[in-house]
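For ligands, and for the atoms within them, numbers begin at 1 and follow the listed sequence. Quick caveat, the model's predicted, so the values are computed rather than measured.
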Amino acid sequence: MYKITLKKQLSKDIKLMGIEAEHVVKNAKAGNFVILIPHENGERIPLTIYDWDKKTNVVYIIFQEVGVTTAKLGMLNEGDSIFSIAGPLGKHFHVEKFGNVAIVGGGVGVPAIFPIARALKEAGNNVTSIMGFRTKELIILEKEMESVSNKLLTATNDGSQGQKGLVTDVLQGMINSGPKLDLCVAVGPVIMMKAVAELTRNYNIKTIVSLNALMMDGTGMCGGCRVTIGGKNKFSCVDGPDFDGHQVDFNELTSRLGTFKEEEKASLHHSKIQLVGR
Ligand code: NAD
Ligand code: FES
């Protein structure tokens, strides 16, 4: 069992949790993820690692309550324990000095770009982070992202804070005004990562996306996280989650992510859990 040392509400349905897990913290790097099981009979939840503290052995995750299991995770409090946490899983983000880097995060994808921005900045890159949210009330991690970026740009769909529009509008502005980007990283909804990759393809800017494929075991055994990259089968959990955005079959990913939508709805209905804001 793994003790919850911190729980904080970041926006209406997004929570930050700190969990004591020495085995995860020991080897955690930017881009790794964990699979946790809140209760003995609970389902597995894959979550990108947001941060970690080697002094306290606490790993930090940020999650949105989107179904029964994440809602049950959100009901646990400081002092409670989590049944299981496996990790760090996946290949970590490849860090080197690329030059001018744009790191794009959409909504609840922003926690996943935080450690990547930090690692790239520490490696001497000129990091501009772009965060996109539907509206001002949903903005999270503004100060944190500022601290790991040379420049932080924010967009909201309704214009309530930052530039009005989508992250791709901000990215297009950056590309137009220069200097030339050497790397772009994008994490968020599949439709956003697809839009970013389509934009950067026109300018030949290398683009890495982090795929949130369906996952079960997280060790390459079940095949649940299969994605097609450059026409070849890959497993997101062991070959990724980071891939070349210009090679990803985003349409297939979207369709596979929808596989259990009806079952998820039914499970939520039977649980009688009411998700915030839905
Ligand atoms: P959202 O729908 O509120 O979108 C966030 C932002 O993404 C928008 O404000 C906009 O700027 C941008 N965006 C959305 N659609 C776009 C489009 N068509 N073109 C260009 N930009 C677009 O996001 P949300 O509800 O917070 O959901 C976040 C998603 O991120 C979830 O689907 C989750 O599965 C995913 N996620 C992925 C990872 C990962 O590692 N890949 C990690 C965490 C979350
Ligand atoms: Fe089972 Fe990747 S989650 S193979």
Requested in this report: Tell me, with the steps shown, if T135 and T156 meet side-chain contact (heavy atoms from CB on, under 4.5 Å).
Outcome: CA-CA 5 Å; T135 189; T156 50; 5.5 Å; no

Requested in this report: With side-chain contact (heavy atoms from CB on, under 4.5 Å) as the test, would you mind laying out the steps for Q172 and Y203 before giving the verdict?
Outcome: CA-CA 10 Å; Q172 180 72 70; Y203 299 92; 2.9 Å; yes

Mind listing the side-chain donor-acceptor pairs of residues 108-122 below 3.5 Å, one per line with the distance, residues two or more places apart or on another chain?
unit_1	atom_1	unit_2	atom_2	d
R118	NH1	D51	OD1	3.1
R118	NH2	D51	OD1	2.9

For residues 213-220, which side-chain N or O atoms pair as donor and acceptor with protein atoms under 3.5 Å away, sequence neighbours left out?
unit_1	atom_1	unit_2	atom_2	d
D217	OD1	C222	N	3.2
D217	OD2	T219	N	3.0
D217	OD2	T219	OG1	2.5
D217	OD2	G220	N	3.3
D217	OD2	M221	N	2.9

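In summary, the atoms of ligand 1 found under 4.0 Å from a heavy atom of G106, numbered by their order in the structure, are 5 (C), 6 (C), 7 (O), 28 (C). Shown in contact with G132 at under 4.0 Å from a heavy atom are these atoms of ligand 1, numbered in order with element: 5 (C), 6 (C), 9 (O), 11 (O). Here is the list of ligand 1 atoms found below 4.0 Å of a heavy atom in G109: 43 (C), 44 (C). Residue S210 has at least one heavy-atom neighbour below 4.0 Å for each of these atoms of ligand 1: 39 (C), 40 (O), 41 (N). Counting atoms of ligand 1 from 1 in the listed order, those under 4.0 Å from a heavy atom of F133 are 9 (O).
Heavy-atom neighbours of K232 NZ from other residues, nucleotides or ligands within 6.0 Å: at or below the threshold of 12. Around the CD1 atom of I191, the shell of radius 6.0 Å holds no more than 12 heavy atoms that belong to other residues, nucleotides or ligands. The 12-atom threshold is exceeded at NZ of K7, counting heavy atoms of other residues, nucleotides or ligands nearer than 6.0 Å. Residue-environment remark: CG (N204) stays at or below the threshold of 12 foreign heavy atoms within 6.0 Å. The environment of E22 atom CD is sparse: at most 12 non-hydrogen atoms of other residues, nucleotides or ligands sit within 6.0 angstrom.
Sequence neighbours left out, not one pair with a member in residues 140-166 passes salt bridge (Lys or Arg N to Asp or Glu O under 4.0 Å).
Remark: ligand 1 and V167 share an N or O pair separated by less than 3.5 Å (distance only, no angle test). In terms of polar-atom proximity, defined here as any N/O pair under 3.5 Å, A195 makes no such contact with ligand 1. Of the polar atoms of A112, none of the N or O atoms is found under 3.5 Å from an N or O of ligand 1, judged by distance alone. Below 3.5 Å of separation, one finds an N or O of N157 facing an N or O of ligand 1. Inclusion of G165 in the set of residues having an N or O under 3.5 Å from an N or O of ligand 1 is not warranted.
Below the 2.8 Å limit, atom 1 (Fe) of ligand 2 has as protein N, O or S neighbours D217 OD1, C222 SG.
Contacts with ligand 1 closer than 4.0 Å are made by side-chain heavy atoms of T48 only, the backbone lying farther away.
A salt bridge links E65 to K15: one of the charged nitrogens lies within less than 4.0 Å of a carboxylate oxygen.
A heavy-atom distance below 4.5 Å is found between the side chains of L199 and I175.
Close to ligand 1: G188, with a non-hydrogen atom less than 4.0 angstrom away.
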